[in-house]
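Here's the structure, in structure tokens; my notes come after.
Just follow the structure's listing: the first ligand is 1, and inside any ligand the first atom is 1.
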Amino acid sequence: MTQIELQNISKAFGSMTVINDLSLEIEDAEFLTLLGPSGCGKTTILRIIGGFEQPDRGRVLFEGKDITNLPAYQRPVNTLFQSYSLFPHLNVYDNVAFGLKIQGLKDNEIRPRVEEMLRLVNLSGYEKRSVDRLSGGQQQRIAMARALINRPEVLLLDEPFGALDLKLRKDMQIEMKRIQQQLGITFIFVTHDQEEALTLSDRIIVLNEGIIQQIGSPTDIYNEPINAYVADFIGESNILEGVMHADYDVTFSGRRFTCVDFDFYPDEAVDVVIRPEDVTIVSPEKGMLEGVVLSCLFMGVHYELQIRVGQELYLVHTTIPRKIDQHVGIVIAPDDIHIMRKGEVEGDEDI
Ligand code: ATP
């Protein structure tokens, strides 16, 4: 069921348009991620949903009701910011209990709910601990408990793990996913980290300059990026200039290939996207293309090679190291050649 709907939202700061006619439906209990580079408007969208920012144009609906002009504190939404904003002079219990105390609830109603929240974030027994004696990860959990104790229907999370180191960040991602599934509430999550987005989300929205490029499941977005921007942003890619002569018939890197794409104009200029893990290295005489190895780096689970093919550089992932200056052949299967119409974004009509 659609829970939140953004209808034709635009927002400018001064002369700079940050969000441009953006429409979006968010499902009840989904984990939705807004993904894009710094400055693309992710936080602004989150703030419009939270009621901290007014759109210049467009409407925000919650379960069909227009909440565009409803103040933040009346929305069934809570926000978890990157800075945890815990109260340093209060202990864990009082930090978590805060939202219920200002609602005027009695101690005997508050205590079981604080205990339930501390159990949820795996910090039972920490009630009396001062928050400045907690680790970064523990502080983040307390901030989450505090945001959830009011039982919001939607939790907005703005890069909540930005301040944590990589290991802790991964642990918190697993925790957050578990909590979201356990509570069955909607999480709208902002990040510029594509790996984090792929790991956590039911759906990802890839944004560039306030415009939705693509909406889809992590596998859709990784396997079927709609344009070269998305392909480049989600994982590493070789993006090559190509010409689509006819259905299933494309030229790039100076050679004609069979692909699985169709429905282009005759001889349309296209972006050809090939993932580094989809390039197979063979002996030079067996290759569809021939190249020279420029570098070979050990990356832990694979080697990353740069191979010069004519004037182009191919990035290739392989489990077998190759020598610098070695001549190699390259093979690419038809369904690993992804053809993208230049500049296409979500919602564009097929020709
Ligand atoms: P980041 O990942 O760096 O937080 P973001 O994608 O969340 O970036 P926003 O915070 O939404 O981006 O900002 C989008 C653009 O709007 C930026 O160029 C930012 O400087 C500008 N901006 C945001 N808030 C304001 C404001 N209150 N006044 C003026 N400009 C603003």
Side-chain angles (χ1 to χ4, degrees), residues 4-26 30-60 67-73 75 77-85 136 140 143-144 147 154-166 168-170 172-173 176 186-201 203-216 218 221 225-235 345-346:
I4 295 174
E5 202 176 339
L6 303 183
Q7 291 180 340
N8 308 101
I9 297 281
S10 294
K11 176 77 188 173
F13 293 109
S15 60
M16 184 177 62
T17 300
V18 175
I19 308 294
N20 192 359
D21 196 29
L22 179 138
S23 294
L24 171 64
E25 289 183 8
I26 301 168
E30 77 169 320
F31 196 123
L32 180 84
T33 298
L34 302 172
L35 175 69
S38 182
C40 72
K42 308 179 293 289
T43 299
T44 304
I45 297 171
L46 210 65
R47 290 174 61 79
I48 288 172
I49 297 172
F52 305 107
E53 203 75 74
Q54 274 295 109
D56 301 329
R57 272 194 305 281
R59 301 198 308 160
V60 182
I67 59 162
T68 318
N69 297 313
L70 203 64
Y73 67 91
R75 299 190 183 196
V77 168
N78 215 337
T79 309
L80 186 65
F81 296 101
Q82 182 177 338
S83 56
Y84 320 130
S85 359
Q140 183 57 267
M144 192 171 289
V154 179
L155 187 66
L156 308 177
L157 305 105
D158 193 356
E159 305 243 9
F161 309 138
L164 304 180
D165 67 43
L166 188 64
L168 209 50
R169 207 178 158 110
K170 299 243 181 237
M172 280 306 293
Q173 287 171 4
M176 188 173 66
T186 310
F187 274 29
I188 308 177
F189 182 72
V190 158
T191 185
H192 60 265
D193 180 336
Q194 43 100 0
E195 196 184 315
E196 191 163 86
L198 291 171
T199 313
L200 290 171
S201 318
R203 280 195 310 158
I204 298 174
I205 297 184
V206 184
L207 286 160
N208 186 26
E209 296 183 353
I211 295 173
I212 294 177
Q213 303 291 305
Q214 188 166 7
I215 305 180
I221 292 210
I226 197 166
N227 59 30
Y229 176 86
V230 175
D232 196 31
F233 198 74
I234 304 278
V345 297
E346 187 79 30

Q. Counting only heavy atoms on the protein side, is anything nearer than 4.0 Å to atom 22 (N) of ligand 1?
A.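 Under the 4.0 Å cut-off, atom 22 (N) of ligand 1 does have protein heavy-atom neighbours.
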**Q.** Residue part near ligand 1, for Met16, under 4.0 Å between non-hydrogen atoms
**A.**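 Just the side chain.
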Q.
I need the contact type for Thr44 against ligand 1. Using non-hydrogen atoms and a strict under-4.0 Å cut-off, is it side chain, backbone, both or neither?
A.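 Near ligand 1, Thr44 shows its backbone as well as its side chain.
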Q) Do Asn20 and Glu209 have side-chain atoms, one donor and one acceptor, less than 3.5 Å apart? A)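 The answer is no; no qualifying pair exists.
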(Q) Under a 3.5 Å cutoff, is there a donor and acceptor pairing between the side chains of Thr199 and Gln173? (A)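 No, Gln173 and Thr199 have no side-chain donor paired with an acceptor closer than 3.5 Å.
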Q: Please check if atom CD in Glu195 has more than 12 non-hydrogen atoms from other residues, nucleotides or ligands closer than 6.0 Å.
A: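 Atom CD in Glu195 is not crowded, with 12 or fewer foreign heavy atoms closer than 6.0 Å.
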Please write down residue, atom name and distance for the protein heavy atom closest to [atom].
atom: atom 27 (N) of ligand 1; answer: Phe13 CE2, 3.6 Å
atom: atom 3 (O) of ligand 1; answer: Ser38 OG, 2.6 Å
atom: atom 7 (O) of ligand 1; answer: Thr43 OG1, 2.6 Å
atom: atom 2 (O) of ligand 1; answer: Lys42 NZ, 2.9 Å
atom: atom 12 (O) of ligand 1; answer: Gly41 N, 3.3 Å

Q. Are Glu25 and Arg203 ion-paired here, with the side-chain N under 4.0 Å from a carboxylate O?
A.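 Salt bridge: no.
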Q. Is Arg169 salt-bridged to Glu196, going by a charged N under 4.0 Å from an acidic O?
A.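 Judged by the 4.0 Å cut-off on N to carboxylate O distance, Arg169 and Glu196 do form a salt bridge.
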Q | Pairwise distance CG(Leu34) to CZ(Phe189) - rounded to 0.5 angstrom | A |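 Rounded to the nearest 0.5 Å, the CG-CZ separation comes out at 10.0 Å.
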(Q) Using heavy atoms and a 4.0 Å limit, tell me yes or no: is Gly36 in contact with ligand 1? (A)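 The answer is no: ligand 1 sits nowhere under 4.0 Å from a heavy atom of Gly36.
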Q: Give a yes/no verdict on whether any heavy atom in Glu53 is under 4.0 Å from an atom of ligand 1.
A: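 No heavy atom of Glu53 comes that close to ligand 1.
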Q | Polar contact flag for Val190 and ligand 1 (N/O pairs, less than 3.5 Å) | A |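 No; every N/O pair is 3.5 Å or more apart.
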Q. So is there a nitrogen or oxygen of His192 less than 3.5 Å from a nitrogen or oxygen in ligand 1?
A.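 Between His192 and ligand 1, no N or O pair is found under 3.5 Å apart.
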Q.
When you measure from the side chain of Asp56 to the backbone of Ala12, do you find a donor-acceptor pair of N or O atoms at a distance under 3.5 Å?
A.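 Present.
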Q. Do the side chain of Ser201 and the main chain of Phe31 share a donor and acceptor less than 3.5 angstrom apart?
A.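 Pair absent, no side-chain N/O of Ser201 close to backbone of Phe31.
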Give the atom numbers and elements of ligand 1 that come within less than 4.0 Å of a heavy atom of [X].
X: Gly39; value: 1 (P), 3 (O), 5 (P), 6 (O), 8 (O), 12 (O), 14 (C), 15 (C)
X: Glu159; value: 2 (O)
X: Val18; value: 14 (C), 15 (C), 16 (O)
X: Pro37; value: 6 (O)

Q. What are the two closest heavy atoms between Ala197 and Thr191, and how far apart are they?
A.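 Result for this residue pair: CB-CG2, 4.1 Å.
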Q: Please lay out, stage by stage, how Val60 and Ile48 fare under the test side-chain contact (heavy atoms from CB on, under 4.5 Å).
A: CA-CA 8 Å; Val60 182; Ile48 288 172; 3.8 Å; yes
